[in-house]
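Since the structure is predicted, the reported quantities are computational estimates derived from the model, not experimental observations. Both counts, for ligands and for their atoms, begin at 1 and track the order of listing.
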Amino acid sequence: MTLIDGKKLAQDIKAEIRAEVDQILASGGRAPHLAAVLVGDDPASQVYVRNKVKSCHEVGFLSTLIQRPADIAQAELEGIVAGLNQNPEVDGFIVQLPLPQHLNEEAITLAIDPRKDVDGFHPVNFGRMAQGLPCYLPATPFGIMEMLKRYNIPTAGKEVVVVGRSSIVGTPMSILLSRKAQPGDATVTICHSRTQDLAAHTRRADILVAAIGRADFIKGDMVKPGAVVIDVGMNRVEDPRAKNGYRLTGDVDFASVAPLASYITPVPGGVGQMTVVSLLLNTLKAGKQEVYG
Ligand code: GUN
């Protein structure tokens with residue numbers, strides 16, 4: 001069994017991005033600039049956004065954090081988005097989700113210029129992804145594709161089973177792995193809460209992607225010996241022995257699955273490490289105007 005080291009991959013990719021930024025600066029250009037909009041005081045969102053801003057600094061990007069109180073009006077938030085769309089100094093930006101209840105997330109996502117949508121959440125980017133056109137990929141699927149690529153894990157002709165059909169992980173993952181590309185060219189099954197006999201499907205998988213959102217859901221008896229197991233889960237479970245009273249665990253029961261797998265991503269230290277790096281890669285593409293010209 002090989003443990004896929006997300007932390008090491010993330011460090012390697014950050015070093016590559018840093019080197020590109022140095023080149024851009026050396027040739028008289030400006031560093032890529034990411035802006036992040038954070039509304040309200042959700043503690044998890046604050047941690048995520050702080051992490052994104054910190055990662056920008058690590059690779060030499062410019063970053064701007066725009067913080068607004070939870071009671072901001074829809075029109076004011078749309079005004080901020082419009083300003084960022086028009087600001088030539090900002091290459092890409094994100095609006096951290098979830099937004100407070102009274103705000104319309106869909107309208108905000110649609111208001112973002114697809115050219116600056118480095119989260120890859122706008123339907124224009126999703127549609128371009130589905131058609132194999134240049135686009136910004138959503139961070140988690142992008143990170144998983146990089147992992148498969150960098151570990152030289154073959155996907156062509158393989159049976160892939162994706163468990164979970166969210167529009168930011170399961171569904172894009174199924175599209176990317178079935179596309180005519182490398183990684184890609186796989187035969188993909190997508191399973192979800194209404195799937196009958198889930199284990200019969202997962203046991204067929206050469207590559208199993210677990211994006212369910214339930215702690216330790218995939219057990220050893222659901223996995224084919226030799227399978228590649230990608231764990232997208234990020235679940236908080238209570239643990240009185242842990243410093244802050246909880247620990248993070250994936251959707252895969254590591255203890256029973258790891259001995260069977262050929263490759264497996266740990267939680268933490270696996271897929272999660274790749275998501276911020278994917279955002280940086282998209283921001284670099286935005287700075288270089290690589291996607292839309
Ligand atoms: N909330 C959870 N994940 C994400 C993400 O990737 N981007 C944004 N904007 N919000 C999130």
Side-chain angles (χ1 to χ4, degrees), residues 6 10 13 32-56 61 63-68 70 72 74 77-78 80-81 84-85 90-101 103-126 129 135-147 164-173 175-176 209-213 230-236 248 250-251 267-268 270-286:
I13 296 172
H33 183 176
L34 174 75
V37 182
L38 175 60
V39 177
D41 37 34
D42 176 64
S45 290
Q46 287 181 336
V47 172
Y48 291 143
V49 170
R50 215 178 298 136
N51 211 356
K52 290 170 185 178
V53 170
K54 184 172 136 252
S55 301
C56 282
F61 286 2
S63 68
T64 300
L65 174 59
I66 300 171
Q67 274 187 282
R68 289 293 181 272
I72 188 174
Q74 179 81 15
L77 186 54
E78 286 181 12
I80 291 171
V81 168
L84 291 168
N85 282 340
V90 171
D91 299 305
F93 66 97
I94 63 161
V95 178
Q96 187 67 23
L97 304 178
L99 291 171
Q101 276 289 318
L103 295 169
N104 181 343
E105 268 181 17
E106 190 184 317
I108 296 297
T109 302
L110 284 170
I112 297 173
D113 183 342
R115 292 167 181 269
K116 294 194 175 186
D117 169 38
V118 285
D119 257 335
F121 289 174
H122 193 288
V124 165
N125 279 311
F126 193 99
M129 171 196 66
C135 65
Y136 297 113
L137 294 178
T140 302
F142 188 7
I144 295 169
M145 296 300 275
E146 279 299 312
M147 281 181 146
R165 58 180 161 188
S166 75
S167 53
I168 60 173
V169 182
T171 300
M173 221 39 247
I175 293 169
L176 289 170
V209 180
I212 310 141
I230 307 292
D231 188 352
V232 187
M234 189 66 77
N235 309 293
R236 281 184 181 199
L248 280 183
D251 289 350
V267 177
V271 172
Q273 291 283 331
M274 298 295 288
T275 56
V276 173
V277 161
S278 302
L279 177 66
L280 298 177
L281 285 170
N282 277 342
T283 304
L284 180 64
K285 286 184 184 188

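- Between Phe121 and ligand 1, a contact under 3.5 Å exists for no N or O pair.
- Using a 4.5 Å heavy-atom cutoff, the side chains of Ile66 and Leu84 are in contact.
- You'll find the side chain of Ile144 stays beyond 4.5 Å of the side chain of Leu176, heavy atoms only.
- Nearest protein heavy-atom neighbour of atom 1 (N) of ligand 1: Leu97 O, 2.8 Å.
- Side-chain contact between Val81 and Phe93: present, with at least one pair of heavy atoms (C-beta onward) separated by less than 4.5 Å.
- Considering backbone and side-chain N/O atoms, Val95 comes within less than 3.5 Å of an N/O atom of ligand 1.
- When the heavy-atom distances from atom 9 (N) of ligand 1 to Val118, Asp119, Leu38 are ranked, the shortest goes to Asp119.
- For Ala139 against Thr275, the heavy-atom pair with the smallest separation is CB-O, 3.5 Å.
- Of all heavy-atom pairs between Met173 and Val209, the closest is CG-CG1, 4.0 Å.
- A side-chain donor-acceptor contact under 3.5 Å links Asn125 to the backbone of Pro114.
- What sits closest to atom 4 (C) of ligand 1 on the protein, heavy atoms only, is Gln96 NE2, 4.0 Å.
- At least one heavy atom of Lys52 sits under 4.0 Å from some atom of ligand 1.
- At a heavy-atom cutoff of 4.0 Å, ligand 1 is contacted by no atom of Thr275, backbone or side chain.
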